[in-house]
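This structure is a prediction, so every number in the text was calculated from the model and none was measured. Note: hydrogens, waters and symmetry copies are ignored here, and every other heavy atom, side chains too, is used.
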Amino acid sequence: QVQLVESGGGSVQPGGSLRLVCTYSGFTLDKYAIGWFHQAPGKEREGISCIGHKDGSIKNGDAAKGRFTVVQDGKKDIVYLQMNNLEYEDAGAYYCGVAAKNFRECSTTYFGPWGQGTQVTVSS
């Protein structure tokens, strides 16, 4: 069955870094896509970056940030979200979701189901 599990969240200081991990099973990126999404407290879930092909092609969502980089592991069924120079606005829940590889945009319209999410807090 399709499963997605997020991990790697935690508490960091402003300017710090985290590497979030989406471990998936039950499908391959030959036929499906993985997206990283951010949901700030009281806000809607928004796409950051979504990968739809094994060659690493990416579509960015409304929550795309130049400080974040999505990386597909070349040997394992893992998609990372490398988060650098974190700011207060980056706090909240981070989710990975799955979509058909022909998704039109990196948004909740196309992605889901989801993993359980992992929490990020940013405080000084």
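Nearest heavy-atom pair across A33 and A100 is CB-O, 4.2 Å. Of all heavy-atom pairs spanning P41 and G92, the tightest one is CD-CA, 4.1 Å. Counting all heavy atoms, side chain and backbone alike, A93 lies closest to Q119 at CB-NE2, 3.4 Å. For I78 against Y24, the heavy-atom pair with the smallest separation is N-CE2, 3.6 Å. Across all their heavy atoms, K43 and Q39 have their closest contact at O-NE2, 3.1 Å. Closest heavy-atom contact between L86 and M83: CD2-CE, 3.5 Å.
Linking Ile, Leu, Val, Met, Phe, Trp and Tyr residues whenever their side-chain heavy atoms come within less than 4.5 Å leaves V71 and V79 in two separate clusters. Connection of V120 to Y88 is established within a shared hydrophobic cluster, with ILVMFWY side chains joined at heavy-atom distances below 4.5 Å, either directly or through further cluster members.
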Go through the steps to decide whether C106 and W36 satisfy the test side chain to side chain contact (heavy atoms under 4.5 Å, CB included), and finish with yes or no. CA-CA 9 Å; C106 185; W36 272 106; over 6 Å; no
Verdict with reasoning, V70 to I34, per side chain to side chain contact (heavy atoms under 4.5 Å, CB included): CA-CA 10 Å; V70 172; I34 289 287; over 6 Å; no
Test side chain to side chain contact (heavy atoms under 4.5 Å, CB included) on L81 and C22 and set out the steps. CA-CA 8 Å; L81 181 66; C22 177; over 6 Å; no
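Atom CG in L29 sits 7.5 Å away from atom CG in D77 (nearest 0.5 Å).
Residue-environment remark: CD (E44) stays at or below the threshold of 12 foreign heavy atoms within 6.0 Å. For OH of Y32, the number of neighbouring non-hydrogen atoms (other residues, nucleotides, ligands) closer than 6.0 Å is 12 at most.
Between the side chain of Q116 and the main chain of E6, a donor-acceptor pair closer than 3.5 Å is present. With Q3 contributing its side chain and S25 its backbone, the two residues share no donor-acceptor pair below 3.5 Å. Within the 3.5 Å criterion, the main-chain N or O of A91 finds a donor-acceptor partner in the side chain of H38.
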Which pairs of donor and acceptor atoms, one on a side chain in residues 9-21, lie under 3.5 Å apart (sequence neighbours left out)?
from	atom 1	to	atom 2	distance (Å)
S11	OG	T121	OG1	3.2
S17	OG	N84	OD1	3.1

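Here the options are F103, Y110, F27, the test is side-chain contact (heavy atoms from CB on, under 4.5 Å), and the partner is V98; only F27 passes. Shown are Y94, Y95, F111; of these, the ring-ring contact (aromatic ring centres under 6.0 Å, His included) with F37 is made only by F111.
Within the structure, side chain to side chain donor-acceptor pair (under 3.5 Å) pairs that include any residue of residues 60-69 comprise S49-N60, R67-D90 (at least two apart or interchain).
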